[in-house]
Structures are given as structure tokens and as C-alpha cells.
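Since the structure comes first, as C-alpha cells, the remarks are kept for the end.
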There are 2 protein chains.
Amino acid sequence: MIHQRQCPIETIIHVLGGKWKPQILWHLIDSTKRFSDLEKLIPNASQKMLTQHLRNLEQEGIIERKIYPTVPPKVEYSLSDYGKTLLPVAEVMCAWGENHNKQEIREPAS
Amino acid sequence: MIHQRQCPIETIIHVLGGKWKPQILWHLIDSTKRFSDLEKLIPNASQKMLTQHLRNLEQEGIIERKIYPTVPPKVEYSLSDYGKTLLPVAEVMCAWGENHNKQEIREPAS
DNA sequence: CGGGATCCATTAGGATACTG
DNA sequence: CAGTATCCTAATGGATCCCG
């Protein structure tokens, strides 16, 4: 699964490029969330995909997963310090994307 | 195909997120290229995917396609002015990606 | 509660052949 | 030269059931 990417842009696209990853990160910005919280916040994501994306983000070091060995189990996800280095980048990406969404309805150049 | 994206990050990932799109853009930064040039520059991309990604980027307004009605045909691709607004964003993404590639071999935190 | 396992649908990407 | 068209495989995402 880990292969060399010729352009580092592909790296960040790979890290962020899962259908629900941006939303997951978005919800973790301000506070730690439990698995069930994320399920409620992102209701269209299936359990499987939520789990899978959370695992991916964890492997990349972006988020942290804390397990409380209680019954019933409790698992908390949070943005790691390293993950926070993504935020400024995400902001720039967001700004361009937001503008692009507006541009999409512009008239074609003559 | 056009659907609302809840987070604008998804927009830019959608625009850049094709296997060969970053490379296409990279090669168009400094100069206009013909289709056959891009084929040589990105030899692993199939004709089909190259065409498909070029069409996508054109539809998004990122690149321009100029057809010379000669025989044999000649088609030139170039970055549009609007496409150039992506460059600073791409740079930031690149920088993070580059650093991330180094981090990947770091030892896990204790 | 927070998953794992399994099976299915959709999409992305690739190989090859053909054409104006 | 710059593609289309067709067929195929791989990867992603989703639905459902089960379990400690």
C-alpha cells in the first residue's frame, strides 16, 4: 500500500482523499469526539467507512485514538499535534475550493 | 456529476484528485505542451486516462485546449490564468506532502 | 459502544484496437 | 497526431449481520 509518489501533492491528496476524511478532521478541530459522536455528526457515512478512514488518519499520524477499557467501551478521537500542521494547509485548500464553487457558474470566456 | 460538496476541501481534492492530474499540471507550469509531449512526459498514463484528465481539467477551467485544424492534427494544452491561481495552493500542499513523506519513517511516539 | 466480517455496487483506472 | 470505443481489473464505498 505504501508506494513512492512522484509528486508530493499526491501525498496530501492521498491523506485527505477519502470520502469522509475532510469532515472527520473538521469535526475534530475544536474537540475530541467519540466514535458515536462522529457517527451522528456524519450520518451518511457507514460505520465501516468511518472506521476505515479513522484508521487511515491514525496511521498517518494525523489523529489519535484513545481507548478506555470500560464496559461498554469508549473510544475517543482527537487531532494530534502533527495533525494540526494540516490545518493551515486545509485552510488554503478550502479558500480555493470555496472560490471555485462560485466560479463554476460563471459564463464561459468569449 | 456536479453535486454539492459540504466542505470546499473536497472540491479541490476532486479537481486535483486524478492519478495523473498533478503531473499534468506540473508539466504545464512552464510551457504549453502538445498531447504527444504529455504522453512522453507521463509514459505510465494510458492515452485514455490522459485524455480523460485533460478533459476534466479543461471543464474546471484549469487548462486550455487549443486545436490547430491541420493534418495531422495538433492540439496544445496550457495552464489558464485561472489555473494559475492553483499554483500557490499546490505549493503549500506540496510542502506539507514533502515533509509528510519524511515523517513517515519516524519512530512512533512512546 | 465500537467495532469486525462479509458481500455487493460504483467508480477509477488500464489494455488494446481502431479512426478522422 | 490525437484521440474514441470497447472490454477488463482494481480500488473505493455501502449494506447488513455479528460480536466482546
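In what follows, every chain begins at residue 1, and chains take the letters A, B, ... in the order their sequences are listed.
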Atom pair CZ/CD of F35(A) and Q47(A) - distance to nearest 0.5 Å: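 So the CZ of F35(A) and the CD of Q47(A) are separated by 5.0 Å.
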
Gap separating the NE2 atom of H53(B) from the CD1 atom of I63(B), nearest 0.5 angstrom: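 Here the rounded value is 11.0 Å.
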
Within less than 4.0 Å of OP1 or OP2 of [N], is there a side-chain N or O belonging to [X]?
X      : N       : answer
S36(A) : dC1(C)  : no
W20(A) : dT12(D) : no
R34(B) : dA2(D)  : yes
Y77(B) : dG3(D)  : yes

Whole-Å gap separating [atom2] ([N]) and [atom1] ([X]):
X      : N       : atom1 : atom2 : result
E10(A) : dA12(C) : CD    : P     : 17 Å
H14(A) : dA11(D) : NE2   : C1'   : 12 Å
L16(A) : dT12(D) : CG    : P     : 15 Å
F35(A) : dG2(C)  : CZ    : C1'   : 6 Å
K21(A) : dG13(D) : NZ    : C1'   : 12 Å
L38(A) : dC1(C)  : CG    : P     : 14 Å
E76(B) : dC1(D)  : CD    : P     : 14 Å
I24(A) : dG13(D) : CD1   : P     : 11 Å

Contact check, side chains of E10(B) and Q23(A), non-hydrogen atoms, under 4.5 Å: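 They are in contact (side-chain heavy atoms under 4.5 Å apart), so the answer is yes.
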
Side-chain heavy-atom pair L28(A), L57(A) within 4.5 angstrom cut-off: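 Counting from C-beta outward, L28(A) and L57(A) never come under 4.5 Å.
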
Expected output: side-chain K33(B) to main-chain S78(B) donor-acceptor under 3.5 Å: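 The answer is no, because no donor-acceptor pair under 3.5 Å joins these two groups.
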
Under 3.5 Å: donor-acceptor pair, side chain of S80(A), backbone of G61(A):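 Here the side-chain-to-backbone pair exists.
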
Listed partners of E98(A) passing side-chain hydrogen bond (donor to acceptor under 3.5 Å, both in side chains), at least two apart: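 Result, side-chain hydrogen bond (donor to acceptor under 3.5 Å, both in side chains) vs E98(A): none returned.
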
Polar contact flag, side-chain donor to acceptor under 3.5 angstrom, Y77(B)-E64(B):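 Absent: no donor and acceptor within the cut-off.
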
Contact list for DNA chain D against residues 45-56 of chain A - heavy-atom distance below 4.0 Å: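 Within this stretch, K48(A), M49(A), H53(A) sit under 4.0 Å of the strand.
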
Interface with DNA chain D, restricted to residues 65-75 of chain B and to heavy atoms under 4.0 Å: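 Close to the strand are R65(B), P72(B), P73(B), K74(B), V75(B).
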
R34(B) bridged to D37(B) by N-O distance under 4.0 Å: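 A salt bridge is absent here (no side-chain N lies under 4.0 Å from a carboxylate O).
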
